[in-house]
Every structure is written in C-alpha cells, then in structure tokens.
Amino acid sequence: MNAQEAQLDYPFADALPPSGGTMEVAPGVKWIRMRLPFALDHINLWLLRDEIDGQQGWTIVDCGIANDATRAAWEQVFDNELGGLPVLRVIVTHMHPDHIGLAHWLTERWGCRLWVSATDWGAARLASITTTGFGGDASAAFFAHHGLTDPEALAKVRARSSYYASMVPQVPARYRRLMGGMAVRIGGHEWRCIAGYGHAPEHIALYCATLGVLISGDMVLPRISTNVSVIDLEPEANPLQLYLDSIAALRELPPDTLVLPSHGKPFTGLHRRIAQLAAHHDDRFADVMAACEQSPQSAADLLGVLFRRRLDLHQTTFAMGESVAHLHALQAQGRLIGLTGSDGVRRFVRA
Ligand SMILES: [Zn+2]
C-alpha cells in the first residue's frame with residue numbers, strides 16, 4: 001500500500017470476493033472480482049438486486065473482456081449467486097474493453113437490454129469494427145508526430161490493428177441511453193447517473209444517496225491514477241482538463257460515500273482521493289513545465305520525466321497518450337506553446 005492509499009479507509013480491509021462468487025458490500029449490492037490478462041490484473045463488477053415491471057432479478061454493472069475465462073467466471077456466478085432469478089439488464093459505465101467486452105454475450109444470454117451512454121455505445125460500435133484509436137497506421141502516425149521514433153515500437157503499434165475488437169468482438173445493436181442527471185430505479189432505490197469526461201467519451205458513474213454508494217467506474221480509483229489519454233481519433237483534445245473538472249464535481253457527494261471502483265478495493269475518503277488526484281496532476285504539470293523551460297519537449301521526450309520506470313509497449317502507448325494530455329492541458333491554460341518542427345515532430349515550449 002502506498003502512502004496516499006493509506007490515507008483512505010477500506011471498510012472491508014483485505015477481504016475479497018471468492019473466485020466465481022460475490023461479496024455483499026451494501027444491501028443488495030454484490031461485488032464480483034474477475035481476472036484481466038494485463039498488468040492491471042483484475043476488474044470489479046457489480047451485481048445489484050433488482051425488480052423491473054414486477055419481475056424480480058438482477059442488474060449487472062460492467063462485464064469483463066470477451067474471453068472464455070470471463071464467460072466461465074460469469075457462469076459460476078450465475079450458478080451460485082442469482083438465487084434462481086434472471087439478469088434483467090446490463091449497465092456499462094464506459095466503452096473500454098474490460099467494461100463492455102462481454103455486454104453482447106451477457107445481453108444475448110439473458111435476453112435483456114444494455115444500458116450505456118449514447119457516446120460510449122457509438123464509440124464502442126465503431127472501435128469494434130475499425131482500428132481507430134487503439135492501434136494501426138493512424139495511431140502509429142499520431143505517436144510519431146509526438147516524437148515516438150523507435151521503429152520497433154511503431155511497427156508493433158501498426159500491427160496491433162484489431163486490438164479493441166479482440167476483446168470486444170461485438171457490441172449490442174440496440175441499447176438504452178444513460179445520461180448525466182438521469183435517475184435509474186434499481187432494487188427500489190434511486191441511482192443517479194453522473195457523467196464524467198476525459199477517461200472515456202462519456203463515462204457514467206452511479207450514485208445512490210439512500211445507500212450512500214458511488215459506483216465510480218474508472219473515474220476515481222484508490223491506488224492508481226485514471227488513464228487520461230489523447231488518442232489519434234481526436235488529436236487536439238484536452239481530456240485532462242475534462243477529467244479534472246469531472247472529478248472536482250464529485251465533491252458534491254458526501255465525504256463518507258462508499259466508493260466502489262472498477263479496480264482496487266471499495267473505500268471511503270472520496271474527497272481526499274479527489275484532492276490526491278488533483279495534486280498528482282499538479283506535480284506532473286510542474287515537472288512538464290520545468291522540462292519545457294530547459295528545451296522544447298515532445299510527448300515522447302517527456303516519458304522519462306512523467307514515468308520514472310521502464311515501460312513495455314502496452315504501457316508506452318498509454319504513457320504517450322497521457323504525456324500528450326498533460327501538454328494539451330498546459331497549452332489550453334496558456335502556459336505552453338506547441339510548434340511542429342521541420343522533422344514533423346510537435347514540441348512544446350514555455351509560453
Ligand atoms: Zn476505462
């Protein structure tokens with residue numbers, strides 16, 4: 001546990017749901033933990049006791065990636081944890097593969113509807129049939145423009161053209177739209193949708209005032225900072241400011257809210273965590289400014305400043321997107337100016 005993590009409270013201490021099982025974290029709210037084949041090795045999914053139009057059952061929140069191991073883990077949960085009741089709907093917080101990957105299979109398996117923001121539904125449909133944003137030629141060209149010159153790394157990015165589709169082979173053709181501010185009745189309680197930006201196109205977190213619970217998705221995580229990246233699909237974007245504004249808005253929730261994050265353990269200390277994340281990015285902004293005062297810096301030049309550890313290819317592509325995100329935020333604040341050199345590489349200097 002790092003020093004910041006130690007400032008948060010974990011009401012369930014080190015208890016974790018058993019594999020293929022669940023752990024109740026609030027009345028009618030069950031925690032499921034599934035493996036992921038990445039450095040980030042697990043995802044938390046939620047099973048909410050529900051009733052729709054008089055029918056008893058369950059609502060699933062987030063799905064896991066589409067592979068045999070995850071499907072098998074779900075089957076175990078269905079056998080052990082549903083008490084003979086059906087799944088009535090599938091809610092997805094956002095379009096990333098670990099969240100929406102199995103939505104198609106789950107909704108077909110139970111004959112129920114996917115509920116998701118319109119933006120993320122569209123982005124997921126697009127990403128599952130194209131290579132945009134997650135690999136391929138356009139992605140490699142974007143990274144090269146931001147100074148990534150290693151031919152081996154670029155070749156791997158180019159080759160990784162079906163990256164998203166490999167984890168999200170299909171997205172349901174129909175969905176029900178979630179929007180910020182909307183109230184969804186689940187299991188007799190009202191859950192309010194909170195739209196958040198910067199991590200995904202339109203991430204939906206769910207807050208229940210009666211239970212004092214926030215399903216935070218990837219917007220607020222207890223141990224790691226949320227990935228906020230500029231991708232080739234929207235090359236001039238400023239997602240980091242959107243993200244910082246989005247988490248600042250969560251301060252309106254009570255400080256003792258139980259936060260159910262997609263990665264890591266349920267915790268309380270939401271306001272403290274928001275402050276930690278804001279301070280973390282302020283530190284990174286200061287590092288970037290210091291480097292850009294010495295000499296013009298590309299996003300690739302800054303990897304060693306922002307990430308003081310060796311990165312593999314997967315991490316390098318995430319890190320490049322994050323590096324560009326910090327540069328664009330500082331540019332929008334008027335603190336940096338971006339200039340594209342005769343070599344085609346974009347570098348930033350103090351304004
Ligand atoms: Zn995500």
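We number each residue from 1, following the sequence as shown.
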Do [X] and [Y] have a side chain donor and acceptor closer than 3.5 Å?
X	Y	value
R89	T59	yes
W46	D62	no
E322	S229	no
R185	H189	no

May I have the step-by-step check of side-chain contact (heavy atoms from CB on, under 4.5 Å) for C193 and V184, ending in yes or no?
-> CA-CA 7 Å; C193 296; V184 182; 3.9 Å; yes
Remaining members of the apolar cluster that contains V345, side-chain heavy atoms under 4.5 Å | none
Working for side-chain contact (heavy atoms from CB on, under 4.5 Å), residues L240 and H281 | CA-CA 9 Å; L240 188 48; H281 288 293; 3.8 Å; yes
Would you kindly confirm whether W121 and Y164 end up in one hydrophobic cluster when ILVMFWY residues are joined by side chain heavy atoms under 4.5 Å apart?
->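 Both belong to a single hydrophobic cluster.
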Single-linkage hydrophobic cluster V77~V29, side-chain heavy atoms < 4.5 angstrom |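 Hydrophobic grouping puts V77 apart from V29.
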Does any N or O in the side chain of [X] come within less than 3.5 Å of the main-chain N or O of [Y], such that one atom is a donor and the other an acceptor?
X	Y	result
D120	E202	yes
S246	G196	no
S216	V220	yes
Q241	D245	no
N227	H199	no
R176	V116	no
E51	G188	no
E81	T22	yes
D9	T268	no
D50	G187	yes

Which atom of [X] lies closest to which atom of [Y], heavy atoms considered:
X	Y	result
A103	L114	CB-CD1, 4.1 Å
A299	S323	O-OG, 2.8 Å
V230	P239	CG2-CD, 3.6 Å
I204	G180	CD1-N, 4.1 Å
P266	L260	CB-CD2, 3.8 Å
A66	G101	CB-O, 3.7 Å

For [X], what residues pass the ring pair (Phe, Tyr, Trp, His ring centres under 6.0 Å) criterion, not counting sequence neighbours?
X	result
W191	none
W74	F78
F142	H146

Basic-acidic side-chain contact under 4.0 Å: D287, R308 =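 Salt bridge flag = yes for R308 with D287.
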Can we say E75 and R109 salt-bridge, meaning some charged N sits less than 4.0 Å from an Asp/Glu carboxylate O?
-> yes
Would the number of heavy atoms belonging to other residues, nucleotides or ligands and lying under 6.0 Å from CZ of R223 be above 12?
-> no
Should we count CZ of R272 as having more than 12 external heavy atoms under 6.0 Å?
->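 Counting other residues, nucleotides and ligands, CZ of R272 stays at 12 neighbours or fewer.
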Do the ring planes of H328 and F348 sit parallel (below 30°), tilted (30 to 60°) or perpendicular (above 60°)?
-> tilted
Would you say that [X] contacts [Y] through its side chain, given a criterion of any heavy-atom pair below 4.5 Å between the two side chains?
X	Y	value
L48	W58	no
T257	V213	no
D312	T316	no

Got a sec, which residues hit side-chain contact (heavy atoms from CB on, under 4.5 Å) with L242, two or more places apart in sequence or on another chain?
-> Y197
Would you verify whether the NZ or CZ of R309 falls within 45 degrees of the ring axis of F307 while also being under 6.0 Å from that six-membered ring's centre?
-> no
Inter- and intrachain pairs under ring pair (Phe, Tyr, Trp, His ring centres under 6.0 Å), touching residues 200-250, at least two apart =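 Matches after skipping sequence neighbours: H94-H203.
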Single hit among M34, M167, H263 for side-chain contact (heavy atoms from CB on, under 4.5 Å) with D98 | H263
Could you walk me through whether L85 and R49 pass the side-chain contact (heavy atoms from CB on, under 4.5 Å) test, one step at a time?
-> CA-CA 10 Å; L85 296 174; R49 189 66 170 79; 3.4 Å; yes
Passes side-chain contact (heavy atoms from CB on, under 4.5 Å), V92 versus W115? Steps please.
-> CA-CA 6 Å; V92 163; W115 295 47; over 6 Å; no
